[in-house]
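Contents: one structure, followed by commentary.
The model shown is predicted, which means the values in this text are computed figures rather than measured ones. Excluded from the calculations below are hydrogen atoms, water molecules and symmetry mates; all remaining heavy atoms, backbone and side chain alike, are included.
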Amino acid sequence: VQLQASGGGLVQAGGSLRLSCAASTRASSNNAMGWFRQAPGKEREFVASISWAGVSTSYADSVKGRFTISRDNIKNTVDLQMNSLTPEDTAVYYCALARSSYSGRHQSQYAYWGQGTLVTVSS
């Protein structure tokens, strides 16, 4: 399985970006998917996840109410809509495919990772 993330870029604080992750196979529709991020000098952290059917979602407290994760199992994509961005959201964002159908917050629950897309939020 290959994951290709896109949509990153430079945005001003308060702005919005939409990240997208395309999976190379329909096998991804049976598994949960998630987004993680890694800021400069920090460890990679959980951002959001979504179950295989898109019914269950989970968010990090730092993004709850601002970010929305969604998926399209026909197109094999998972998106992350990011609103009200702040400089603290600056990071490389990674999409990941979970080992099971249920969403999780731990990196060990994910088997495949995309290459990452850089999001830079200026103040």
Side-chain angles (χ1 to χ4, degrees):
V1 177
Q2 291 185 331
L3 302 174
Q4 182 72 40
S6 62
L10 175 64
V11 64
Q12 288 188 333
S16 299
L17 277 176
R18 187 176 184 90
L19 305 183
S20 186
C21 177
S24 62
T25 171
R26 284 190 59 83
S28 64
S29 64
N30 297 319
N31 294 65
M33 296 192 74
W35 286 95
F36 290 76
R37 68 185 181 186
Q38 186 168 20
K42 296 187 177 181
E43 295 185 351
R44 189 160 56 184
E45 65 176 4
F46 170 77
V47 175
S49 63
I50 187 167
S51 62
W52 73 275
V55 174
S56 176
T57 58
S58 182
Y59 296 93
D61 289 344
S62 59
V63 307
K64 197 173 296 183
R66 300 187 298 122
F67 290 12
T68 302
I69 189 171
S70 60
R71 68 185 297 165
D72 184 331
N73 286 341
I74 301 299
K75 296 180 180 179
N76 298 330
T77 59
V78 59
D79 291 349
L80 184 69
Q81 177 66 42
M82 307 185 295
N83 299 327
S84 302
L85 287 162
T86 73
E88 287 69 37
D89 295 315
T90 294
V92 176
Y93 283 71
Y94 299 88
C95 62
L97 179 65
R99 302 178 190 276
S100 73
S101 302
Y102 301 99
S103 59
R105 293 170 169 255
H106 302 289
Q107 296 183 51
S108 61
Q109 295 174 295
Y110 293 81
Y112 298 95
W113 295 81
Q115 85 289 358
T117 185
L118 177 62
V119 171
T120 303
V121 184
S122 64
S123 58

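- Considering OG of S62 and CD of E88, their distance stands at 10.0 Å, rounded to 0.5 Å.
- The two residues Y59 and K64 make their nearest non-hydrogen contact at O-CE, 3.8 Å.
- Between Q4 and Q115 there is a side-chain heavy-atom pair separated by less than 4.5 Å.
- Here the straight-line distance linking atom CG of N73 with atom CE of M33 works out to 9.0 Å at 0.5 Å rounding.
- A distance-only check finds no donor-acceptor pair linking the side chain of T117 to the backbone of S6 [under 3.5 Å].
- Hydrophobic cluster membership differs between Y94 and V121, with clusters built from Ile, Leu, Val, Met, Phe, Trp and Tyr side chains linked at under 4.5 angstrom.
- Summarising the geometry, atom CD1 belonging to I69 is positioned 10.0 Å from atom CG belonging to L19; distances are rounded to the nearest 0.5 Å.
- Within 6.0 Å of atom OH in Y112, 12 or fewer heavy atoms from other residues, nucleotides or ligands are found, so the atom counts as exposed in its surroundings.
- By the 4.0 Å N-to-carboxylate-O rule, R71 lies too far from D79 to be salt-bridged with it.
- Interatomic distance, C21 SG to L80 CG, rounded to the nearest 0.5 Å: 10.5 Å.
- Summarising the geometry of V78 relative to S70, their closest heavy-atom pair is CG2-O, 3.1 Å, with the distance given to 0.1 Å.
- Minimum heavy-atom separation, S108 to R99: O-NE, 2.9 Å.
- S101 places a side-chain N or O within donor-acceptor distance of the main-chain N or O of N30, the cut-off being under 3.5 Å.
- By the rule that hydrophobic residues join a cluster once side-chain heavy atoms approach within less than 4.5 Å of another member, V47 and Y102 end up as members of separate clusters.
- Under the 4.5 Å side-chain heavy-atom criterion for ILVMFWY residues, a single connected hydrophobic cluster contains both W35 and L97.
- Under a hydrophobic clustering in which Ile, Leu, Val, Met, Phe, Trp and Tyr are joined whenever their side-chain heavy atoms come within less than 4.5 Å, directly or via other members, V92 and F46 fall into the same cluster.
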| field | side chain to side chain contact (heavy atoms under 4.5 Å, CB included) assessment of L3 paired with C95 | value | CA-CA 7 Å; L3 302 174; C95 62; 3.8 Å; yes
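- Closest of all the heavy-atom pairs between S103 and S49 is CB-OG, 3.1 Å.
- Nearest heavy atoms, S84 versus S16: N-OG, 4.3 Å.
- Between S123 and A13 the shortest heavy-atom distance is CA-CB, 4.3 Å.
- Hydrophobic clustering (ILVMFWY, side-chain heavy atoms < 4.5 Å, transitive): I50 and Y110 are in distinct clusters.
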| task | Take F36 and Q107 through the test side chain to side chain contact (heavy atoms under 4.5 Å, CB included) and record every step on the way to the result. | result | CA-CA 8 Å; F36 290 76; Q107 296 183 51; 3.6 Å; yes
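- Proximity of L17 to L85: side-chain heavy atoms (C-beta onward) are separated by under 4.5 Å at one or more points.
- Judged by distance alone, the side chains of R105 and S58 do bring a donor and an acceptor atom under 3.5 Å apart.
- Using cut-offs of 30° and 60° on the angle between ring planes, the pair F67 and Y93 is tilted.
- The number of heavy atoms from other shown groups lying within 6.0 Å of CD (E45) is above 12.
- If you take CZ on R18 and CG on N83, they are separated by 9.5 Å, rounding to the nearest 0.5 Å.
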| field | Derivation and outcome, side chain to side chain contact (heavy atoms under 4.5 Å, CB included), residues T90 and R37 | value | CA-CA 9 Å; T90 294; R37 68 185 181 186; over 6 Å; no
